[in-house]
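Notes for the one structure printed next.
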Amino acid sequence: MICFRRVRLTRNQLILFGFLPFLGLIGCGSDPAALCAAEALPINQIQGADGTSPQQGARVIARGIVTARFHGDEREAGGFFMQAPGAQQDNDPKTSEGLFVIAGEAVEPGRRVTVEGPVEELGEGVTLTAVRAESVADCGSAGAPVAPMEVSFPLATEALEGMLLQLPPELAIVDVYALGSRGQMQVAQGGLVFQPTEIAASGPEAAEIAKRNQQRSLLIDDGTAERYPGAIAYLPEMVSLKTLPRVGDRVSGLTGVLDGRGIARLHAIAPMEPLSRRPHQRFSPPSGQVTVAAMNLHQFFNGDGFGGGFPAVRGAESREEFERQRAKLVSALVGLGLPDVVALSELENDGYGPNSAIADLTASVNERIRAPGHTYAYIEAP
């Protein structure tokens with residue numbers, strides 16, 4: 001058994017002991033078995049049936065089985081999730097049996113732990129109930145791991161927060177914007193999610209569509225606060241251009257812990273099943289008609305136009321980053337199928353000279369096409 005207690009030392013105590021960075025955690029003076037044997041408040045009573053804990057601000061002792069770690073950073077608290085074993089659950093569908101514990105101690109999933117500390121609500125608006133652990137006791141192996149609960153949409157977020165869940169199969173990937181930067185993607189049950197006003201006029205009907213979209217969607221997170229992670233744990237294989245998840249692909253086997261703060265998300269704890277690819281449909285315009293496409297370049301600024309001037313006012317911070325950005329944009333623009341007209345947004349407004357951003361991009365696209373009669377020219381706006 002391992003027990004830790006978080007203490008705060010005064011300046012004089014730091015001088016007395018010598019400034020050692022590991023003095024924030026010291027062994028609990030008493031036998032850790034005492035904390036493991038202490039009477040604990042059931043997790044469902046800490047959670048309560050409302051949006052915030054009825055124990056908020058109170059000091060509690062809680063006990064459960066560790067299901068997942070959350071690796072925080074300077075912006076978000078790190079710690080672990082734990083869940084009450086079946087015998088300690090109240091079978092009330094309004095109360096959650098999972099709890100987040102703010103702690104720096106590394107406790108592996110599958111361990112029985114007892115924690116002591118004050119109850120807090122993390123986040124703004126929709127919050128996550130947590131215990132800020134001042135003491136953590138490892139009480140041994142739980143034996144059988146916690147079995148994930150099978151759920152369907154819409155999710156009762158408050159009643160399921162902190163619990164280990166198994167999402168339904170064949171969910172559609174509907175957003176991959178933050179996959180590379182934050183290890184996140186969004187999935188939905190029932191197919192793709194469209195902007196409400198793409199389907200209905202602005203008003204009550206569009207608002208109802210927006211509500212349904214939210215109810216059938218969920219953010220999938222890699223369980224860390226790391227920016228631009230080197231690997232994303234829940235993807236089934238190494239990411240490449242051939243295996244990268246795309247909007248419209250279907251996924252199954254998503255298992256993780258539900259975090260309800262802010263935008264509800266599932267911290268996925270295991271690789272999902274291989275993707276079911278959506279056929280990639282190419283647009284074939286009718287013969288003789290003019291085709292027009294639009295594309296957001298996400299701040300295409302080419303520095304001073306001579307290979308320098310980085311970081312630019314917006315966009316790339318270095319020449320190397322700019323070249324990666326340009327290569328991706330050229331591939332995407334050529335992949336549109338060579339429409340007659342391409343309207344671009346978030347393009348640097350630095351004129352139309354030979355070193356301007358629009359001249360740079362046009363030349364790069366034409367060099368990639370290498371097909372006489374199919375190259376582009378840019379239009380000089382008044």
Side-chain angles (χ1 to χ4, degrees), residues 64-73 76 78-83 98 100-101 106-111 128 141-153 155 157 160-193 216-261 263-280:
I65 301 171
V66 178
T67 55
R69 289 275 296 164
F70 176 76
H71 302 278
D73 61 6
E76 295 189 72
F80 58 85
F81 291 88
M82 68 180 188
Q83 189 164 323
F100 183 58
V101 178
V107 183
E108 295 299 318
R111 306 295 292 180
L128 175 69
S141 173
V146 174
M149 176 188 293
E150 295 184 5
V151 294
S152 60
F153 290 84
L155 299 177
T157 305
L160 296 172
E161 74 167 21
M163 294 184 65
L164 187 61
L165 307 179
Q166 171 77 57
L167 297 188
E170 288 295 303
L171 297 175
I173 297 177
V174 298
D175 191 342
V176 294
Y177 180 78
L179 185 63
S181 61
R182 295 183 181 274
Q184 298 174 343
M185 68 179 184
Q186 193 170 29
V187 299
Q189 190 172 43
L192 295 176
V193 171
R216 66 187 182 93
S217 303
L218 185 65
L219 189 67
I220 308 301
D221 192 275
D222 66 350
T224 77
E226 183 180 358
R227 295 295 304 272
Y228 298 98
I232 300 172
Y234 60 80
L235 294 184
E237 52 194 324
M238 292 296 292
V239 174
S240 69
L241 289 177
K242 293 184 178 180
T243 63
L244 190 69
R246 295 196 304 245
V247 170
D249 289 345
R250 299 297 196 272
V251 296
S252 300
L254 281 168
T255 302
V257 176
L258 187 67
D259 184 339
R261 70 187 126 174
I263 300 175
R265 68 195 64 194
L266 186 87
H267 295 302
I269 64 171
M272 61 190 186
E273 296 175 12
L275 294 167
S276 174
R277 284 291 192 195
R278 179 193 185 202
H280 189 53

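Keep in mind that the numbers below use all heavy atoms, side chains included, and drop hydrogens, waters and symmetry copies. What you see is a predicted model; the values in this text were computed from it and never measured.
The two residues V257 and A68 make their nearest non-hydrogen contact at CG2-CB, 3.7 Å. Counting all heavy atoms, side chain and backbone alike, Q83 lies closest to M163 at OE1-CA, 3.4 Å. Contact between V193 and A188 at its shortest, heavy atoms only, is CG2-CB, 3.7 Å. Nearest heavy atoms, M272 versus S252: CB-O, 3.5 Å. The two residues P229 and S181 come nearest to each other via the heavy atoms CD-O, 3.9 Å. Of all non-hydrogen atoms in F153 and Q189, the two that sit nearest each other are CB-OE1, 3.2 Å.
For S276, the side chain to side chain contact (heavy atoms under 4.5 Å, CB included) partners are E170, R250, not counting sequence neighbours. When the side chain to side chain contact (heavy atoms under 4.5 Å, CB included) test is applied to D175, the partners found at least two apart in sequence or on another chain are Y177, Q186.
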Start with the C-alpha gap between R277 and D249, add the side-chain angles, then the distance that decides, and say whether side chain to side chain contact (heavy atoms under 4.5 Å, CB included) holds.
CA-CA 5 Å; R277 284 291 192 195; D249 289 345; 2.4 Å; yes

Stepwise side chain to side chain contact (heavy atoms under 4.5 Å, CB included) test for L164 and I269:
CA-CA 9 Å; L164 187 61; I269 64 171; 3.5 Å; yes

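Of the residues listed (I232, I220, I173, D222), the one engaging L179 in a side-chain contact (heavy atoms from CB on, under 4.5 Å) is I232, and it is the only one.
R227 is listed as a side-chain neighbour of R182, based on a closest heavy-atom distance under 4.5 Å. Between D259 and D221, the closest side-chain pair of non-hydrogen atoms is not below 4.5 Å. Side-chain contact between L218 and L258 is present, with heavy atoms from C-beta onward closer than 4.5 Å. Contact annotation: the side chain of M82 never approaches that of V107 to less than 4.5 Å [non-hydrogen atoms, C-beta and beyond].
In this structure, CE on M185 lies 14.0 Å from CZ on R265, to the nearest 0.5 angstrom. If you take CG on L155 and CZ on R216, they are separated by 13.0 Å, rounding to the nearest 0.5 Å. Summarising the geometry, atom CG belonging to L275 is positioned 7.5 Å from atom CG belonging to L235; distances are rounded to the nearest 0.5 Å. The structure places CG of L167 at 7.5 Å from OG1 of T255, a figure rounded to the nearest 0.5 Å. Here the CG atom belonging to L254 is positioned 8.0 Å from the CD atom belonging to Q166, to the nearest 0.5 angstrom.
Heavy atoms from other residues, nucleotides or ligands lying under 6.0 Å from CD1 of I263 number 12 at most.
Geometrically, R261 engages F70 in a cation-pi contact defined by less than 6.0 Å to the ring centre and at most 45° from the axis.
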